[in-house]
Amino acid sequence: MSYDKTAAGINLTGISYKLVNDGLIDEKTALDALEQSKKDSISFTEYLIANKILSATKIATAVSKEFGLPVFDLDAIDFDAIPRDIVDNKLIKKHHILPLYKRGNRLYVGIADPTNLAAIDDIKFHTGVNTEAILVEEDKLSKVVEKLLEDQDNAINGLMGDDLEDLDDLDFADPEAEQQQDDTDSGVDDTPVVRFINKILLDAIKKGASDIHFEPYEKIYRVRLRIDGVLREVARPPVVMSPKLCARIKVMSRMDTAEKRVPQDGRIKLKISKTKAIDFRVNTCPTLFGEKIVLRILDPSSASLGIDALGYEPEQKELYLKALANPYGMILVTGPTGSGKTVSLYTGLNILNTVDTNISTAEDPVEINLEGINQVNVNEKVGLTFETALRAFLRQDPDIIMVGEIRDLNAAEIAIKAAQTGHMVMSTLHTNDAPLTLARLVNMGVPPFNIASAVSLIIAQRLARRLCPICKEKVDIPRAALQEEGFTSAQIDAKPQLYKAVGCDSCSEGFKGRVGIYQVMPISDAIGRIIMENGTSIDVADQAKKDGVDNLRQSAIKKVLAGLTSLEEINRVTKD
């Protein structure tokens, strides 16, 4: 038996039919409630309770008798034991359900309308586990669901403090495409998650961080910033937010949100003013408990700081500028990841970037965008390798070529031939110091005579934290200790004033910013002969010392003597 409301096309079935059939409400009231609840986008039972037509207890009792289900009392539930990482908040809101507990591959959810099979099927589809309904009272369900969602929102908002202005209105590149992806991705448009990610990005920029790490573990989720070369934890959002944070970042960086098995690369552009934008290079990596995401902050303005801001000693600066002034030859910059190699190269390119010069770069990926320079993103998946990019450059009348990194013999040979045939070539290698760079090229298979004739300058570098000028304190170190650290007798006899880090409100653990430490080694005729004679890196280092080239340690000591950094800091980034 059913009752029709023909005008609205509404039938009484399920719970509405049961309530009318039991005489708890009349037919007209039930039909009106069904029609109005659809308009209000709430459930039939929610409407009845909100308008005080029937109590939640009476509805639950009638449903329990009809379907033979006991009523679970949510007052007795352990709120902290609710499995919060299984069902997405968006599904909880959409279907008005509550995950109660999980046993093996079976999830039990509290629901006020057990006839809503679509909700059960949807949750089963998204969670991948068998789902069973447990009858609960509507009013108690609403209170627990509201508290659950509010707690998760507060957990994120609590990490952000009170500085929340304009976090929803950050200007990302191509916002329409981002919004379109937001709409199609489950759960990543939650406002607290959006605001939290935005605040982390802004804080990282304000604090001068170089990298942001989002790291999921079994029982914690942490966010760390690399500030002045050192990682520091800045937030611990709830571990259940891991999928949402990951999905949000993937949407922002145009990644495949459904792919979680392999690493992905992406990019985010954040406009912080009408004239300035910050790029974030994004990489994901699957780990045991989710995807770790690292964002490298790329500030284009760092390339326009000028060579004086990089921290070269006067004689080192002159050697670099002299090599840049040559019409041909190869300049190699070496050092570990995060040592500032790209900024050094782009500072040189910025000096050479004039209207009468054709400059092309091949990078993986392009980190700093500079107007007037033709930049190519290497993409090995489609066959665009460093080698193919270099071959193309040589057909386009180049003056200066920059290769992001020389990784193999083919790229090395093409770059060296370009340097030998009237082109300036700049590139990087991952070696510990300048003499080892030459040995690395030989190990790649590059003939020694090609190295000697093509390479004109090698720069090895590190970045050390700069002492805060406000709080640094004088420190006395015994003469014997200084000698052990590599200070010369002349340096010690000059009675230099050394400083140590203290820490204040204006800095981070006594440091603020970083300063470059360099070994700038020109390839002299003597070093060229050593290379031709298959000499070792030790032979090259000895000759460089005779030529007056400071090694990294000696350059670092000069920064300590100048009061720019501390002895402890140079011990962290260099060795004796």
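Keep in mind that what you see is a predicted model, and the values were worked out from it rather than measured.
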Does atom NZ (Lys260) have a neighbourhood of more than 12 heavy atoms from anything else shown, all under 6.0 Å? no
Short question: side chain of Glu363, backbone of Val403 - any donor-acceptor pair under 3.5 Å? no
Side-chain heavy-atom pair Leu225, Arg232 within 4.5 angstrom cut-off: no
Please determine whether the number of non-hydrogen atoms from other residues, nucleotides or ligands lying under 6.0 Å from atom CG of Asn283 exceeds 12. yes
Do Glu405 and Ser427 pass the side chain to side chain donor-acceptor pair (under 3.5 Å) test, and can you show the C-alpha distance, the side-chain angles, and the key distance before you say yes or no? CA-CA 6 Å; Glu405 181 184 354; Ser427 188; over 6 Å; no
Taking NZ, NE, NH1 and NH2 as the nitrogens, is one of them in Asp279 or Arg296 under 4.0 Å from a carboxylate oxygen of the other? no
Any donor-acceptor pair under 3.5 Å from Ser242 side chain to Val239 backbone: no
Pair Lys250 + Glu291: basic N to acidic O under 4.0 Å: yes
Glu259 and Arg261 ion-paired at < 4.0 Å: yes
Which residue pairs pass the ring-ring contact (aromatic ring centres under 6.0 Å, His included) test with at least one member in residues 100-122, sequence neighbours excluded? Tyr101-Tyr108
Salt-bridged, Lys207 to Asp203, with N to O below 4.0 Å? no
Do the side chains of Leu295 and Phe214 get nearer than 4.5 Å, heavy atoms only? yes
For Glu387, is there an ion pair with Arg391 - N to carboxylate O distance below 4.0 angstrom? yes
Non-hydrogen side-chain atoms of Leu135 and Phe72 separated by less than 4.5 Å: no
State whether the side chain of Thr431 and the backbone N or O of Gly335 hold a donor-acceptor pair below 3.5 Å, judged by distance alone. no
Looking at Arg466 and Glu569, is there a salt bridge between them, counting it only when a charged N and a carboxylate O are closer than 4.0 Å? no
According to side-chain hydrogen bond (donor to acceptor under 3.5 Å, both in side chains), who are the partners of Ser339, at least two apart in sequence or on a separate chain? none
Count the heavy atoms belonging to other residues, nucleotides or ligands that lie under 6.0 Å from NZ of Lys292, then report whether that count exceeds 12. yes
Could you tell me whether the side chain of Asp228 and the main chain of Gly513 form a donor-acceptor pair under 3.5 Å? yes
Considering only NZ, NE, NH1 and NH2 on the basic side and carboxylate oxygens on the acidic side, decide whether Lys143 and Asp139 come within less than 4.0 Å. no
When you measure from the side chain of Arg103 to the backbone of Arg106, do you find a donor-acceptor pair of N or O atoms at a distance under 3.5 Å? no
Non-hydrogen side-chain atoms of His430 and Thr337 separated by less than 4.5 Å: yes
Can you tell me how far apart CZ (Arg222) and OH (Tyr217) are? Round to the nearest 0.5 Å. 3.5 Å
Any ion pair linking Arg224 and Glu233 (charged N to carboxylate O, less than 4.0 Å)? no
Asp32 and Thr29: side chain to side chain donor-acceptor pair (under 3.5 Å), yes or no, with the steps? CA-CA 5 Å; Asp32 289 343; Thr29 301; 6.0 Å; no
Going by side chain to side chain contact (heavy atoms under 4.5 Å, CB included), Phe280 matches just one of Ile249, Ile212, Asp211, Leu298. Which one? Ile212
Looking at Val282, is its backbone amide N or carbonyl O close enough to the side chain of Thr284 to form a donor-acceptor pair, meaning the two atoms are under 3.5 Å apart? no
Any non-hydrogen side-chain atom of Glu137 less than 4.5 Å from a side-chain atom of Thr57? yes
For the pair Gln461 (side chain) and Gly340 (backbone), establish whether a donor and an acceptor sit closer than 3.5 Å, ignoring hydrogens and angles. yes
Taking the side chain as C-beta and beyond, is there a heavy-atom pair between Ile123 and Ile97 under 4.5 Å? yes
Spell out, as yes or no, whether a donor-acceptor pair under 3.5 Å connects the side chain of Ser508 to the backbone of Phe511. no
Is it the case that over 12 heavy atoms from other parts of the model lie below 6.0 angstrom from the NZ atom of Lys140? yes
Approximate separation, where rounding is to 0.5 Å, of Leu48 CG and Leu19 CG: 6.5 Å
Less than 4.5 Å apart, any side-chain heavy atom of Ser506 and any of Cys471? no
